[in-house]
Amino acid sequence: QFQEALDLDQNMMEAHLYMGVALHRANRFDDAAKHLIRVLQDEPQNTEAHWQLAKVLHAQELCTEALPHYLSVLNASHANMLGPAHAHVPALSPTKAQSFCVPR
C-alpha cells in the first residue's frame with residue numbers, strides 16, 4: 001500500500017514514514033532508514049520519524065548514530081510536556097542520555 005502511494009507521489013511523507021516502519025519490522029534496516037531519512041529531510045521536526053529512525057539505528061547497534069534522534073524525541077517531549085512556562089528547565093543533554101542508548 002505504501003509503495004503504491006509513493007509510486008503516485010514521492011513527496012508523500014506519511015507514506016515514507018510508514019514504509020520505513022514496515023521495512024524495519026521486516027528487518028530491512030537500510031531500506032527503512034532511507035525512507036525515514038527522506039521524511040526528516042523534508043520535515044526535520046517530525047518526532048515520529050526521529051523515533052522510528054532511532055529504533056532502526058539501535059537495532060543495527062549503531063548507538064552513536066541513534067542517540068541524536070533519541071535526544072530529538074526526548075527534547076521535543078520535554079518542551080511539549082512543560083510548555084513555555086517551564087522553558088528554564090534544562091532539556092536532556094547527550095551526556096545524560098547515554099544511558100538510554102546502550103548497544104544490545
Side-chain angles (χ1 to χ4, degrees):
Q1 296 174 346
F2 305 122
Q3 187 57 56
E4 290 174 14
L6 290 171
D7 288 343
L8 293 173
D9 182 1
Q10 279 292 311
N11 294 316
M12 190 179 297
M13 293 304 114
E14 189 173 12
H16 278 289
L17 176 66
Y18 291 117
M19 184 68 142
V21 172
L23 290 166
H24 178 207
R25 289 183 180 151
N27 294 325
R28 292 179 51 195
F29 302 123
D30 290 338
D31 293 330
K34 288 176 189 173
H35 284 279
L36 297 168
I37 289 167
R38 173 66 179 89
V39 174
L40 291 171
Q41 288 171 337
D42 196 62
E43 301 174 1
Q45 303 303 317
N46 188 315
T47 305
E48 183 64 24
H50 278 289
W51 174 246
Q52 295 299 333
L53 183 55
K55 293 189 325 181
V56 167
L57 294 168
H58 202 157
Q60 297 175 86
E61 297 186 3
L62 298 172
C63 190
T64 303
E65 292 84 349
L67 187 58
H69 299 287
Y70 280 131
L71 285 171
S72 179
V73 172
L74 291 170
N75 289 332
S77 297
H78 174 267
N80 289 337
M81 286 188 302
L82 298 178
H86 295 90
H88 65 282
V89 178
L92 190 62
S93 70
T95 304
K96 291 179 185 176
Q98 296 272 255
S99 63
F100 289 103
C101 191
V102 178
R104 299 192 273 164

Side-chain atoms of residues 50-57: list all donor-acceptor pairs with protein atoms under 3.5 Å, sequence neighbours left out, distances to 0.1 Å.
residue : atom : partner : partner atom : Å
His50   : ND1  : His69   : ND1          : 2.9
His50   : NE2  : Pro44   : O            : 2.8
Gln52   : NE2  : Glu48   : OE2          : 2.6

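- Take Glu43 and apply the side chain to side chain donor-acceptor pair (under 3.5 Å) test, not counting sequence neighbours, and it matches Asn46.
- Leu23 and Val21 are members of different hydrophobic clusters when ILVMFWY side chains are connected at heavy-atom separations under 4.5 Å.
- Evaluation of the salt bridge (charged side-chain N to carboxylate O under 4.0 Å, His left out) rule for Asp42 yields no partner, not counting sequence neighbours.
- Side-chain contact of His35 with Tyr18: a donor-acceptor pair under 3.5 Å is absent, judged by distance alone.
- Within the structure, salt bridge (Lys or Arg N to Asp or Glu O under 4.0 Å) contacts touching residues 29-39 (residues at least two apart or in different chains) are Arg28-Asp31.
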